[in-house]
Structure formats: structure tokens, C-alpha cells
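Only one structure is covered here, and it is reproduced in the block below.
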Amino acid sequence: MNTGCLIKRNLNLNGIVSEFTHEKREFTCKKGQQFIMEGAPVNGLFFILSGKVKVFRTGINGREQIVRFANSGEIIGHRGFGTQEYYSIGVMALEDTALCYFSKDNLQKVLLTAPNFTYDLMLFYANELNRSEAKVKSISQMTVRERVIDALIYIERKFGQKNKFLDIVLSRREYANYAGTTEEQVIRVFSALKKDNLIDTKGKRVQIIDSSFLKREISEHNFYLDS
DNA sequence: GCATTAATATGGA
DNA sequence: TCCATATTAATGC
């Protein structure tokens with residue numbers, strides 16, 4: 001779905017772009033490094049050129065709630081764009097990641113002149129909102145087991161499987177922080193799923209064996225209509 | 001290579 | 001939910 005970043009897809013076509021892409025700033029970020037701090041002022045928008053990140057928000061007693069994960073080609077920090085002055089989220093690289101950054105002024109100029117880009121961005125926002133609402137439901141109505149399964153399906157859709165394992169390495173704690181539960185609960189659900197031969201694990205790597213069965217188990221909550 | 005720390009897995013209050 | 005502990009993986013020297 002995200003074949004190349006939004007910017008490249010839309011902006012290489014017309015002339016405005018070269019000026020725009022000229023003003024971008026590129027930088028890299030090592031695994032575990034946080035490049036957006038909660039509370040920092042918003043000055044623009046980030047795009048992931050390559051790599052993977054997690055987006056989170058710190059709740060009470062310092063527990064992090066992972067809002068979403070993002071793969072290469074995706075946009076980061078868009079919630080703060082527009083009206084908000086300060087980020088309400090933090091973003092950390094899950095592996096070595098290359099990013100590019102566009103300033104607010106710069107981006108506003110392009111949004112006003114390149115309608116197909118603006119339209120694409122709007123679709124992206126609409127999709128995010130949809131997902132965000134689905135997440136509220138999942139947290140409030142699904143059981144722990146269902147939420148963990150939901151997280152696994154989400155990860156599979158977003159990152160896919162490579163060499164039989166999910167193409168991203170997450171700790172059990174990170175699964176927990178996404179599913180809104182605890183590390184122990186995730187470990188327990190994983191063990192149960194392994195017993196039923198639905199998933200397998202090797203160290204931190206996770207393999208989904210029967211994703212259609214897992215999807216069926218949470219299908220009554222029909223969520224996973226995701227980017 | 002080994003020693004130390006971090007993460008995982010289970011059991012139980 | 002929280003804590004204790006055994007096992008296993010990752011990291012530093």
C-alpha cells in the first residue's frame with residue numbers, strides 16, 4: 001500500500017516539487033534512539049525513508065502506550081501538524097532508520113499548490129482516524145487474548161513476514177504496550193497460542209502460523225482494516 | 001572465550 | 001495485578 005513515500009509518489013510529477021524536495025533535511029537515527037520528544041515544539045513533518053519506528057505516549061506512572069508502528073514510506077508527527085504547538089507523542093527508532101524532515105512553511109506551500117498530494121495526505125489522515133477509533137474499541141471491549149492477537153495481526157499486516165518470521169523484532173513489553181496489557185500477559189497468551197500451534201517463537205522473533213484462524217477469533221470485532 | 005546484565009517464561013499470592 | 005525465580009538470550013570485556 002505504501003509504495004514509496006507519499007511525497008515521491010505525488011511530487012516528482014510537477015515542477016513545484018524540486019524546490020520542495022530541495023529544502024528537505026535528511027538524517028539517520030540509530031536503533032533505540034528517540035528523535036521526537038513528548039512536549040517538544042512542532043516545526044514540521046517527518047517521513048521514514050527506511051527503517052521502522054514506534055510512536056508512543058507516556059501515561060500515568062511512566063508506562064508507555066504505543067499508539068502505532070510505522071514502516072518505511074510512512075509519515076511521522078502528523079498529529080502535531082497544523083494547530084498543535086507541541087508534540088503529544090514520542091517516537092523511537094526500532095532499528096537503524098533514515099528519515100527526512102520537512103519544515104512547516106515548506107509543506108504548507110506545497111499543500112496549497114499540489115492538490116493530489118493534499119488529497120493523498122487527507123486519505124492518510126482519514127485512515128489514521130479510523131484506526132484510532134478502532135483502537136479505542138479494542139482496548140475497551142476486547143479481552144487480553146484478543147488484544148494480543150489483534151496486535152499480532154496488526155504487526156503482520158504492517159511489516160509482513162520474512163524468512164517465516166515477522167519482519168520486525170519487538171520485545172514482549174512492546175507487544176504489551178501496544179495491546180494495552182502487561183509483559184506477563186503477552187507471554188502467557190503467546191505460550192497458549194504456541195500450544196495450539198497458531199504461532200511460534202524463536203527468541204524475540206515471532207512467526208504466525210495460522211493467521212486466518214487468528215483473524216477469525218477476533219473477527220466479531222472486525223477491526224484490522226488498516227493501512 | 002567467559003562474566004554480567006537483560007529478557008523471557010512460569011508459578012503462585 | 002504484582003512479585004519471585006529459573007531459564008535463556010544479549011552484551012561487554
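Each chain gets a letter, A, B and so on, in the order the sequences are listed, and its residues count up from 1. Values in this document were obtained by computation on a predicted structure and should not be read as measured data.
One finds a salt bridge joining A:E183 and A:R173 here, because a Lys/Arg side-chain nitrogen approaches an Asp/Glu carboxylate oxygen to under 4.0 Å.
A tilted orientation is assigned to the rings of A:Y87 and A:F46, their planes being inclined by 30° to 60°.
Side-chain contact annotation: A:D210 with A:S212, donor-acceptor N/O pair under 3.5 Å present.
For residues 30-48 of chain A, the pairs satisfying side-chain hydrogen bond (donor to acceptor under 3.5 Å, both in side chains) are A:E38-A:T58, with sequence neighbours left out.
DNA chain C is contacted by both A:T181 and A:K31; A:T181 maps to the nucleotide lying nearer its 5′ end (nearest heavy atom per residue).
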*Which nucleotides of nucleotides 3-13 of chain B have their base under 4.0 Å from a protein heavy atom (B), which only their sugar-phosphate (S), and which neither (-), written as one string 5' to 3'?*
-----BBBBB-

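In summary, the aromatic rings of A:F102 and A:F47 are positioned with their centroids under 6.0 Å apart.
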